[in-house]
Amino acid sequence: MNIFDLYKKKIIEIVEKAKSEKNIISTDNIEKINVDIPPNHFDCDISTNVAMILSKPNNKSPIEIANILIKLIMTDEVVENATVAKPGFINIKFKSNFWNKFLKDIISKNTNYGINLNENKKKYLIEFVSANPTGPLHVGHCRGAILGDVLSNLISFNKHQVTKEYYVNDHGNQILHFTKSVYLRILEIIKNTKYPTDDPNLYPGDYIIDIAKNILKNNKDLDFNNFDKISKKLTKLAVFESINLIKLNLNNLGISHDNFVSETDLVNNKEVDKVIEKLKKNNFIYSGKIKAPEGEDKSKWVERNQLLFKSTDFGDDKDRALQKEDKSWTYFASDVAYHNNKINRKFDILINILGADHAGYIKRIVSAVDALSGKKNKLVCKVSQLVKLIKDNKPFKMSKRKGDYITVEDLINEVGKDAVRFIMLSRSSDVELDFDFTKVKEKSKDNPLYYVQYCYARISSVFRNINKNISDEIKIQNYNFNYTNDEIKILKKISQWPKCIEISTYKLEPHRIAVYLYELSSDFHSYWNMGKEDKSKRFINDNNIVSDDKIVLLKAVSNVIKSGMNIIGAKTPEKM
RNA sequence: GCGCCUGUAGCUCAAUUGGAUAGAGCGCUUGGCUACGGACCAGGAGGUUCUGGGUUCAACUCCUAGCAGGCGCACCA
């Protein structure tokens, strides 16, 4: 149960009652009230701003309103005490039987505790990674990949339906250069011709050689004498190899997509032509010229007459080109077709995860979705900022020219999948992230993954000591315990879990989960250490028994850590 | 020139969708292992939340004008 939602309803009931008894006149803005967590130094469990909200419509001071309301709040059977604080907050402390009810409920829910069932179930499509299929994933792709995956976990944790999709840009010039690179590596193998290293269009990485070898191995009767004749076939083969490489990388990160949608297929199926027609009909397309941006060297600018989409109608700074000079479609044009395809599949919410370097692309694609759906379909774009790699306090540089960038594989081999996932989520995606190799490998408080896992392992060890398993179901007859303030501190933290889930989902900010788990672990470690001086706070007593109230507490903490780590996609080992 | 993101303790970052006395880790400093797991804990010092204006009972949060850093701004994808 979400005690904040629950008590908000209660407060509204109380306000209605006060109105019917003519103690207050107006309940305007009542939907704006909050039930929140009070700051630590107050000895209470929840607080509400209701008096401040009702102050104006009733033409009374918040303190006056609060004093009227606390009399009614005090009559609630679960309330021990209600007080009014400075600007007009009402602080409420529960009787200890309240926490018993709370615990009984969350223990029965197991790892389902925290699911937000207030919303109607929706169909989500989340597109993420979508890296060019020209080689393995590198660190730059990693953060967005994890962000997308964890958002999917979060959304499906809340019982919505999620489809995870990867858009394969297997069309256009980049792919042509890529195919050419593979081709030249093949020639290098079968004809011993030297691979040109000075052509900046060609891909330098050694993995191209592996792709060439694989293609040769599986296509023994293919004739490689004429590039133009086999380029289409070769592109298909090379992209296939590349995507397999990427799938492997993703797999090692614990990520799997439901669909891979091919750009070439969209073009071949004439979906681009169709969507252009649709936009033309609705008057969003014209033939015109784009002006050079201010402040840049305009001498090299070539003005061309081309097919443009009126993205400025939707707030973009310029209209966007759909067709190249040779009349082939631009990347944007086929992406518009792809998004039309998404709209036709009737999702409620579309989400795209993009890297910081593509942030400038958002307005035009959102504009396209607005135009195509008549603003009925919403596309939400989430940007993940750069990751700065640091080793021994020095930045770690990669050179794209040499193709010596650090791959996802390198990263996982160095620090492990779970650490990569947890660290990438430990900060808001809006800020650049320092990924410090040295620290991530440390097994200390510097490393939040271990800190949280250690908490779970400690709980496991208690169960192990009494010959039980942490995942065993527990059966308690009567929830009739008296928790101390130190224990209630942990319970209060646990009570915030549904709120954490709700906000993380609403704002698409999964880092809040990592932060929360760290804080919960901190509260737990703190309590654990109290047991050193105060035996009553140890979980296992002198007779090697764990009392029921402590079992329940342990179980509640471990359930939340378990489900949080499930969402993040990191393991919770019972021993470390 | 324009757009997006960021600016909070010496450093790296949080801050409950506008709440009360802005919190963690690292670093500095004092203390705690015969211990249910010390991969841990308790205490101390450290702040004009980049600046100015505005909205609000209430602003790190929203609006506005600046400053600084990052990313981007053609038919690349």
Side-chain angles (χ1 to χ4, degrees), chain A residues 4 34 36-42 47 49 52-53 55-56 61-62 85-89 91 130-132 134 169 171-175 177 263 290 292-296 300-304 306 316-318 320-326 328-332 335 355-363 383 385-386 426-434 436 439 442-448 450-451 453-455 457-458 460-462 464-466 496 499-500 502-503 506-507 509 511-512 515-516 518-519 522 525-533 535 538-541 544 546 550 575-576:
Chain A
F4 303 98
N34 276 327
D36 267 312
I37 305 130
N40 281 331
H41 56 274
F42 289 103
S47 76
N49 62 353
M52 267 108 77
I53 300 290
S55 162
K56 209 170 230 178
S61 80
K86 260 187 303 179
F89 288 101
N91 291 329
S130 298
N132 289 345
T134 55
N169 306 130
H171 197 81
N173 283 328
Q174 294 279 356
I175 288 296
H177 296 315
E263 183 183 359
I290 299 178
E294 291 296 318
E296 286 205 355
K300 286 180 185 167
W301 189 266
V302 187
E303 274 199 350
R304 295 186 192 88
Q306 53 196 160
D316 201 359
D317 23 318
K318 54 182 120 179
R320 303 293 172 173
L322 294 160
Q323 218 166 21
K324 300 182 195 171
E325 203 164 29
D326 66 0
S328 65
W329 299 119
T330 61
Y331 169 82
F332 177 58
D335 205 21
D357 51 342
H358 289 84
Y361 186 76
I362 294 175
K363 267 192 186 160
V383 174
Q385 294 298 321
L386 292 176
S426 61
R427 304 285 184 231
S428 156
S429 57
D430 285 337
V431 305
E432 289 188 7
L433 180 101
D434 285 356
D436 190 323
K439 278 190 183 169
E442 264 173 40
K443 296 182 174 178
S444 72
K445 210 173 175 182
D446 270 18
N447 185 336
Y450 285 102
Y451 189 74
Q453 287 181 330
Y454 185 44
C455 179
R458 269 184 159 170
S460 296
S461 85
V462 173
R464 213 164 31 241
N465 274 301
I466 55 167
Q496 293 162 27
K499 204 162 187 165
C500 172
E502 189 184 332
I503 295 168
Y506 172 80
K507 292 191 138 190
E509 291 180 349
H511 76 279
R512 289 166 185 274
V515 171
Y516 172 89
Y518 187 87
E519 286 169 358
S522 175
H525 287 311
S526 171
Y527 182 80
W528 181 282
N529 275 61
M530 287 178 195
K532 289 176 178 174
E533 284 179 0
K535 279 196 171 183
R538 293 195 187 178
F539 290 98
I540 300 178
N541 65 23
N544 206 36
V546 183
K550 297 245 165 65
K575 281 183 185 175
M576 291 169 72

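Quick caveat, the model's predicted, so the values are computed rather than measured. Chain A is the first sequence line, chain B the second, and so forth, proteins listed ahead of strands; every chain is numbered from 1.
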- Got a sec, which residues hit ring-ring contact (aromatic ring centres under 6.0 Å, His included) with A:His525, two or more places apart in sequence or on another chain? A:Tyr451, A:Tyr454
- Item | Under 3.5 Å on both distances, the Watson-Crick or G-U partner of B:G72 | B:C2
- Message: Under 4.0 Å, counting only non-hydrogen atoms across every strand here, what does A:Gln385 touch: a base, just sugar-phosphate, or nothing?
- Response: sugar-phosphate
- Message: For a quick check of understanding: with a heavy-atom distance under 4.0 Å over all strands, which category does A:Ser55 fall into, base, sugar-phosphate or nothing?
- Response: nothing
- Side chain A:Asp335 and base B:A77 donor-acceptor under 3.5 Å: no
- Take atom P in B:A42 and the same atom in B:A24, then report the distance between them in whole Å. 10 Å
- Task: Provide the distance between the two C1' atoms, one in B:G25 and one in B:C41, to the nearest whole Å.
- Result: 15 Å
- Item | Closest contact, heavy atoms only, A:Lys550 versus A:Arg538 | NZ-O, 3.5 Å
- Query: Looking only at atom P, what distance separates B:C5 and B:U61, rounded to whole Å?
  - Reply: 15 Å
- Query: Under 4.0 angstrom, heavy atoms only, what part of the nucleic acid is A:Gly172 near: base, sugar-phosphate, or nothing?
  - Reply: sugar-phosphate
- Do we count A:Tyr361 as stacking onto B:G72 if the rule is ring centres under 5.5 Å and planes under 30°? no
Hey, what are the protein-to-nucleotides 9-14 of chain B N/O distances that come in under 3.5 Å?
| residue | atom | partner | partner atom | Å |
| --- | --- | --- | --- | --- |
| B:C13 | OP1 | A:Glu432 | O | 2.9 |
| B:C13 | O2' | A:Arg427 | NE | 3.2 |
| B:C13 | O2' | A:Arg427 | NH1 | 2.4 |
| B:A14 | OP1 | A:Ser428 | N | 2.9 |

- Pick the P atom in B:A68 and in B:U55, then give their distance to the nearest Å. 28 Å
- Message: When you measure from the side-chain N and O atoms of A:Tyr451 to the phosphate of B:C41, is any distance below 4.0 Å, counting only OP1 and OP2?
- Response: yes
- Checking all strands, does A:Lys300 fall into the base, sugar-phosphate, or nothing category for heavy-atom contacts under 4.0 angstrom? base
- Looking across every strand, which nucleic acid part, if any, lies under 4.0 Å from A:Lys499 by heavy atom: base, sugar-phosphate, or nothing? sugar-phosphate
- Message: With rounding to the closest Å, how many angstrom separate the C1' atoms on B:A59 and B:C71?
- Response: 28 Å
- Message: Looking only at the side chain of A:Lys363 (C-beta and beyond, no hydrogens), which of the listed nucleotides B:C5, B:G70, B:G3 gets closest?
- Response: B:G3
- Look at the side chain of A:Asn529 and the base of B:C40, then say whether one donor and one acceptor between them are separated by less than 3.5 Å. yes
- Should A:Lys499 and A:Asp36 count as an ion pair when the cut-off is N to O under 4.0 Å? yes
- Closest to the A:Asp357 side chain, choosing from B:G25, B:G72, B:A39: B:G72
- Listed nucleotide nearest any side-chain atom of A:Pro293, set B:G38, B:G19, B:C73: B:C73
- Query: When rounded to the nearest Å, what value does the distance between C1' atoms of B:A9 and B:U48 take?
  - Reply: 13 Å
- Message: Please give the distance between the P atoms of B:A15 and B:U8 as a whole number of Å.
- Response: 14 Å
- Classify the nucleic acid contact of A:Asp436 as base, sugar-phosphate or nothing, counting any heavy atom under 4.0 Å across all strands shown. nothing
- Message: Tell me whether A:Glu533 at atom CD has more than 12 heavy atoms from other residues, nucleotides or ligands lying less than 6.0 Å away.
- Response: no
- Which atom pair, heavy atoms only, marks the closest approach of A:Asn169 to A:Tyr331? ND2-CE1, 3.2 Å
- Task: Return the minimal non-hydrogen interatomic distance between A:Ala457 and A:Met576, and the atom names on each side.
- Result: CB-SD, 3.8 Å
- Message: So, taking the atom named CG in A:Asn132 and the one named NE2 in A:His171, what distance separates them when rounded to the nearest 0.5 Å?
- Response: 13.0 Å
